[in-house]
2 protein chains.
Amino acid sequence: MNSTIYDVSRLSGVSTATVSRAFSNPELVREGTRRKVYEAAEVLHYSPNAIAQAMARQRTDRIAFLICKEGATILDEFYAGICDGIMNAANRTDYELMISTAADWDLAANTSKNKQVEGVILGGNAKPELVSELQNRGIAVVLVNNRMAGFDLPCVVSDEYGGVRQALEHLISRGHRNIAMLAGRFSPYILNERYRAFLEIAQAHGLPVDARHIKLCDPTVESAAEACRELLSRPDRPTAIFGTNDVVAAGAMKAARRLGLRLPEELAVTGLDDASVCGMLEPELTSVHIDCRRMGELSVERLQSLLAGDENVPQVTVVPTELRVRRSA
Amino acid sequence: MNSTIYDVSRLSGVSTATVSRAFSNPELVREGTRRKVYEAAEVLHYSPNAIAQAMARQRTDRIAFLICKEGATILDEFYAGICDGIMNAANRTDYELMISTAADWDLAANTSKNKQVEGVILGGNAKPELVSELQNRGIAVVLVNNRMAGFDLPCVVSDEYGGVRQALEHLISRGHRNIAMLAGRFSPYILNERYRAFLEIAQAHGLPVDARHIKLCDPTVESAAEACRELLSRPDRPTAIFGTNDVVAAGAMKAARRLGLRLPEELAVTGLDDASVCGMLEPELTSVHIDCRRMGELSVERLQSLLAGDENVPQVTVVPTELRVRRSA
DNA sequence: CTGAAAGCGCTAACAG
DNA sequence: CTGTTAGCGCTTTCAG
């Protein structure tokens with residue numbers, strides 16, 4: 001049996017209340033008393049029972065990270081990176097972290113109803129209904145890699161516009177004018193941002209680029225390769241391809257290779273995300289680094305602020321991106 | 001305020017004990033009574049408070065997955081796969097899952113001392129001291145992707161020997177005799193298994209292969225590429241390289257490309273893991289599939305058995321591998 | 001099959 | 001600064 005606060009109380013000769021204070025609010029206990037308590041605790045191998053604390057305090061100090069995404073979730077390097085940041089940041093706090101995917105998350109079982117989770121970080125394409133439901137139950141919510149109109153909640157996103165600009169301007173600086181965007185069908189938010197950015201920036205630079213230069217594909221190598229093949233068989237074949245993530249870019253490289261094009265001489269390719277695959281490809285893929293880890297950490301900070309009752313927690317936090325020039329463009 | 005068992009008791013006109021039974025042991029309650037309880041609960045939006053349950057029952061129904069690995073943890077596709085399997089399996093049980101990395105796992109704060117975790121799945125290179133410590137505290141332990149001599153605990157591993165055989169025999173069947181193994185410095189267990197398997201199987205096939213055909217490298221593309229370059233500049237250059245994971249194999253491919261070798265004609269390469277990068281490489285990488293997800297699921301099953309007090313839970317569970325032939329070999 | 005009542009280990013007024 | 005005491009919401013004997 002583990003020892004309890006009573007055992008410590010008895011051994012140290014102070015009340016249980018004091019033992020409790022010695023651990024939860026040391027500053028309320030006189031130095032000498034405190035030491036007596038700690039010594040007794042040491043002897044008894046005592047350490048507070050978190051369950052009992054939660055019960056008495058009526059709060060759990062528990063938050064959750066919910067990945068709202070179809071298919072591979074934690075297996076997606078992007079979300080794994082965010083998750084890593086969240087785990088890392090949560091670890092520095094007193095909050096305990098639960099990690100789930102939307103597929104197996106049970107609202108009823110995981111929220112205030114049974115007093116388990118006090119705050120949730122929603123990653124990716126969360127449904128607005130889920131957000132309202134959570135907020136209605138008094139759960140703090142923050143969004144990561146997404147934004148949602150009409151809600152009062154903090155969002156942490158990457159600088160989508162800036163990222164697209166870095167990729168595009170790099171290509172332009174290398175002399176490319178006929179640039180196509182191979183756009184993976186990601187969440188509506190992401191797709192939208194990148195789409196709009198691409199068009200605006202291309203136009204700002206006077207590129208002869210229009211909607212025909214944007215080709216959608218599924219976010220798989222195969223789909224991207226197929227889509228790229230079409231792009232490359234047009235009469236006015238683009239000289240550069242901007243893939244909206246690295247998997248898509250890898251697909252483009254593959255299509256180019258199969259068509260016998262030399263990279264980057266006959267076709268330049270850039271990606272987005274700066275995933276680990278960039279270094280494995282040949283030539284290595286030029287990409288725009290997204291600081292997923294930072295996004296995760298910031299999400300935790302925002303959630304903490306919310307839970308701490310801070311007024312004016314920033315509604316949107318934008319994490320800057322960084323171009324990583326390699327050999328593919 | 002959320003409703004409690006008392007509210008339900010009052011509304012339904014039965015005692016709290018009965019309400020409790022109706023939810024936890026329905027078979028102990030008469031059909032009609034049970035329905036009354038459920039109806040009242042429905043009206044009140046009642047659902048049991050897990051914290052209070054844990055408090056009263058003196059158990060938490062909580063398990064943890066601890067990744068014991070340096071550096072990228074959840075970011076490692078391999079462990080992410082295991083994690084995915086674990087999350088998936090845990091979700092079908094009543095156990096709640098905590099996910100941590102060895103780096104930020106605090107023994108004191110997460111184990112029976114404060115009654116939080118009842119069982120732990122240790123992934124990768126766990127320290128024996130950690131295992132004994134946990135077992136001493138009465139925590140159930142299972143190992144995944146590792147084995148440990150001198151301990152009484154279930155291990156779930158991939159068929160390392162069989163995997164190496166599949167890769168090697170494939171290469172042999174393609175006519176290769178001079179095959180080198182590029183071995184990433186993974187955990188001692190994994191490294192050992194693969195090393196031994198390679199030598200034994202090569203010898204069994206009468207290949208002129210010895211320890212000089214095994215080259216160690218760090219598990220990064222760069223290190224692998226460097227190591228492979230050396231291998232390829234030997235007078236009796238190998239005609240095939242077996243990388244002990246796909247990242248290493250990608251490094252080998254890169255080195256070969258830079259030396260101007262055509263793949264697979266002048267150098268065949270196979271990997272191990274069947275990670276997502278296989279399909280992104282050109283040519284696509286032939287690899288041996290490891291069913292990480294299954295490994296994760298089985299770990300949970302073993303842990304459950306342990307916690308259920310089953311006698312003779314299998315000490316070692318081996319998950320078969322499968323060769324995936326692509327164009328690199 | 002159901003109810004009464006005693007906890008589970010800790011916290012938080014409140015009083016001193 | 002410290003002690004008393006009444007819970008937190010649920011489970012679980014023990015009776016009936």
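All of these numbers come straight from a predicted model, not from anything done at the bench. Note on naming: letters A, B, ... go to the chains in the order of the sequence lines (proteins, then strands), and numbering restarts at 1 for each one. Only heavy atoms go into these numbers, but all of them, side chains included; no hydrogens, no water, no symmetry mates.
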For [X] and [N], what is the distance between atoms [atom1] and [atom2] respectively, to the nearest whole Å?
X: A:Asp61; N: C:dT11; atom1: CG; atom2: P; result: 11 Å
X: B:Phe23; N: C:dT2; atom1: CZ; atom2: C1'; result: 17 Å
X: A:Ile51; N: D:dC8; atom1: CD1; atom2: C1'; result: 13 Å
X: B:Lys36; N: C:dG3; atom1: NZ; atom2: P; result: 8 Å
X: A:Gln116; N: D:dG9; atom1: CD; atom2: P; result: 14 Å
X: B:Leu28; N: C:dG3; atom1: CG; atom2: C1'; result: 14 Å
X: A:Leu44; N: C:dG9; atom1: CG; atom2: P; result: 14 Å
X: A:Asp7; N: C:dC8; atom1: CG; atom2: P; result: 11 Å

How do A:Met55 and B:Val14 order along DNA chain C: which one's closest nucleotide is nearer the 5' end? B:Val14
Residue whose closest nucleotide on DNA chain C lies nearer the 5' end, B:Ala52 versus B:Ser15: B:Ser15
Basic-acidic side-chain contact under 4.0 Å: A:Arg62, A:Glu96: yes
Strictly below 4.0 Å, N to O, side chains only: are A:Glu297 and A:Arg294 in salt-bridge contact? yes
OP1 or OP2 of C:dC10 versus the side-chain N and O atoms of A:Ser20: is any pair under 4.0 Å? no
Whether B:Gln58 contacts C:dG9 is assessed here as follows: a side-chain N or O lying under 4.0 Å from the phosphate OP1 or OP2. Is that the case? yes
Output for pair (A:Asn146 CG, A:Leu143 CG), nearest 0.5 Å, gives 4.5 Å
Separation of A:Tyr95 OH from A:Leu307 CG (nearest 0.5 Å): 4.0 Å
Selection from [options] that lies nearest to any side-chain heavy atom of [X]:
X: B:Ala17; options: C:dG9, C:dA5, C:dC10; answer: C:dA5
X: A:Ser24; options: C:dT11, D:dC10, C:dG9; answer: C:dT11
X: B:Thr18; options: C:dG3, D:dT2, C:dG9; answer: C:dG3
X: A:Arg21; options: C:dC10, D:dC10, D:dG3; answer: D:dG3

hbond_proxy A:Arg57 side chain to C:dG9 base (donor-acceptor, 3.5 Å cutoff): no
Confirm from the modelled atom types if B:Tyr6 and D:dC8 form a donor-acceptor pair under 3.5 Å, side chain to base only. no
Any base atoms under 4.0 Å from A:Val29, or only sugar-phosphate, or nothing? Heavy atoms, all strands. sugar-phosphate
Taking the side chain as every heavy atom from C-beta outward, state whether B:Val131 and B:Leu122 have any atom pair closer than 4.5 Å. yes
If you pin A:Thr16 and A:Glu31 to their nearest nucleotides in DNA chain D, which one's is more 5'? A:Glu31
